[in-house]
Amino acid sequence: MSGHGEAQPMKSRKSGPLKGVAAVPGDKSISHRSLIFGAMAVGETKISGLLEGQDVLDTAKAMRAFGATVTQHGEGSWTVNGVGVGGFQEPADVLDVGNSGTGARLIMGTMATTPITATFTGDASLRKRPMGRVTDPLSLFGARAYGRQGGRLPMTIVGAANPVPVRYALPVASAQVKSAVLLAGLNAPGETVVIEKEPTRDHSERMLVGFGAKLHVEKTAEGHVITLTGQPELRPQTVAVPRDPSSAAFPVCAALIVEGSDILVPGVSQNLTRNGLYLTLVEMGADIEFQNPREEGGEPVADLRVRFSGNLQGIEVPPERAPSMIDEYPILSVVAAFSHGRTVMRGVKELRVKESDRIDAMARGLEACGVRVEEDEDTLIVHGMGPGGVPGGATAKTHIDHRIAMSFLVCGLAAKAPVSVDDGSPIQTSFPIFEGLMRGLGAEIERS
Ligand code: S3P
């Protein structure tokens, strides 16, 4: 698991209609944040619906190492007794955050303005990913970072003893970097300002306000200007984690490409910073009904009724939509393969620094399945073969990347011949019930 354990090869094959209800687990981004913000509040935060995937469990372990009391009471039901802003103690050992870029980057931000030292490591995937994007702004607060070449883990962060507030314009559209700076700003005096040209997921801003921080967002010609007042006393909260739209994407896309399918996916976030895939699918001609719109856990959600869609058309995905669907391009490229015409995904170079180089992983895997693709540094183009037109019959390499593994297992449900993945174990990081949930809908997925 998380690239530390044994590889688990898996296989999927052409399946009959998918039917039933797909209740996906809690949102990964909100789960990480509820543990981290809970650890920075004084008193007891109660969390329900927490995603119990390995990434989030690794963050829970890290919060304990900093002195918070984190307790599981039942499935998805957790409490965090926090130590307050600036109250983190120095961890006694190296923090292994597994596969999680979100865990690594947010936690680095959280401790960077406290006078303690922490050393971070992770699995083989995380140790390849760039951390300079967070340590650059953290150094402006006065923190120091000592890592491997290229700003890679293992890395030691020495927190600033006398942090100063920062004004920082994000050079990349990244919610992780934005959140790391805001979290560092919590323990700096005065106002920390983050400017983002393109809006990215806004869970940190929403939740910080919920925990009692003074934060406001102004929309200007420069983009979103987020101003946070440092050194607040955060109040513990009751957090109901909504279901994860990025996990929901897998059963939704499977139902769209498996003939005769008709499923219900309840409580899928319609947060405008997360719903780009759903807009794109509708534009491609997907039969998705957005039923019962409401608010859950502070997020707008709807129940999605999704039916097989035999006439999907490839489109040009607007590049400015990328931040709101950044984790969904792998599964979109599978849907594109079962559509008519070309699907063009531009402005997606961030995919190259995710859990794997996702442009390369999808391009190679789809090619092996008999699909024509084109790519450059910042673009992926998939030539659709129509419903049932993908040959399959190949093994895709997942490169310790949960979303690559799930994407190819979905591909195999509608391809002519079975599709295998070399390692399905990373699925545990974000969607531990994927196999059982998909089988329950009628998907033929097996371990091989
Ligand atoms: C996340 C932000 C995104 C996303 C990741 C979760 C977050 O990363 O890919 O899965 O919770 O803030 P970037 O901020 O690097 O784009």
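No hydrogens, no waters, no symmetry mates; every other heavy atom, side chains included, goes into these values. In each ligand, atom 1 is the first atom listed, and ligand 1 is the first ligand listed.
- Considering only non-hydrogen protein atoms, atom 4 (C) of ligand 1 sits nearest to Asp327 OD2, 3.3 Å.
- Counting atoms of ligand 1 from 1 in the listed order, those under 4.0 Å from a heavy atom of Thr102 are 1 (C), 5 (C), 6 (C), 7 (C), 11 (O).
- At least one N or O atom of Ser29, backbone or side chain, sits closer than 3.5 Å to an N or O atom of ligand 1.
- Between Arg33 and ligand 1, a contact under 3.5 Å exists for at least one N or O pair.
- Heavy-atom contacts of Ile326 reach the following atoms of ligand 1: 9 (O) (cutoff under 4.0 Å).
- Looking at ligand 1, you'll find an N or O of Ala175 within less than 3.5 Å of one of its N or O atoms.
- Across every non-hydrogen atom of Gly347 and Ala322, the tightest pair is O-CB, 3.8 Å.
- When only modelled atom types and interatomic distance are considered, His383 and Glu374 share a side-chain donor-acceptor pair under 3.5 Å.
- For the residue pair Arg274/Ser324, the side-chain donor-acceptor check at 3.5 Å is not satisfied.
- Ligand 1 does not have His32 within reach: every non-hydrogen atom of the residue lies 4.0 Å or more from it.
- The shortest N or O to N or O distance between Gln176 and ligand 1 is under 3.5 Å.
- When non-hydrogen atoms are compared, ligand 1 lies under 4.0 Å from the side chain of Arg201 (C-beta onward) but not from its backbone.
- Protein heavy atom at the shortest distance from atom 3 (C) of ligand 1 is Lys354 NZ, 3.8 Å.
- Between the side chains of Arg33 and Ser204, at least one donor N or O sits under 3.5 Å from an acceptor N or O.
- In His203, neither the side chain nor the backbone holds a heavy atom less than 4.0 Å from any atom of ligand 1.
- Looking at Arg133 and Glu350, a side-chain N of the basic residue comes within less than 4.0 Å of a carboxylate O on the acidic one, giving a salt bridge.
- Side-chain atoms of His399 and Ser125 form no donor-acceptor pair, as typed in the model, at a separation below 3.5 Å.
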Could you walk me through whether Thr280 and Arg321 pass side-chain contact (heavy atoms from CB on, under 4.5 Å), step by step? CA-CA 9 Å; Thr280 303; Arg321 195 177 281 169; 2.9 Å; yes

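- Classified by interplanar angle (parallel below 30°, tilted 30° to 60°, perpendicular above 60°), the ring pair Phe88/Phe66 is parallel.
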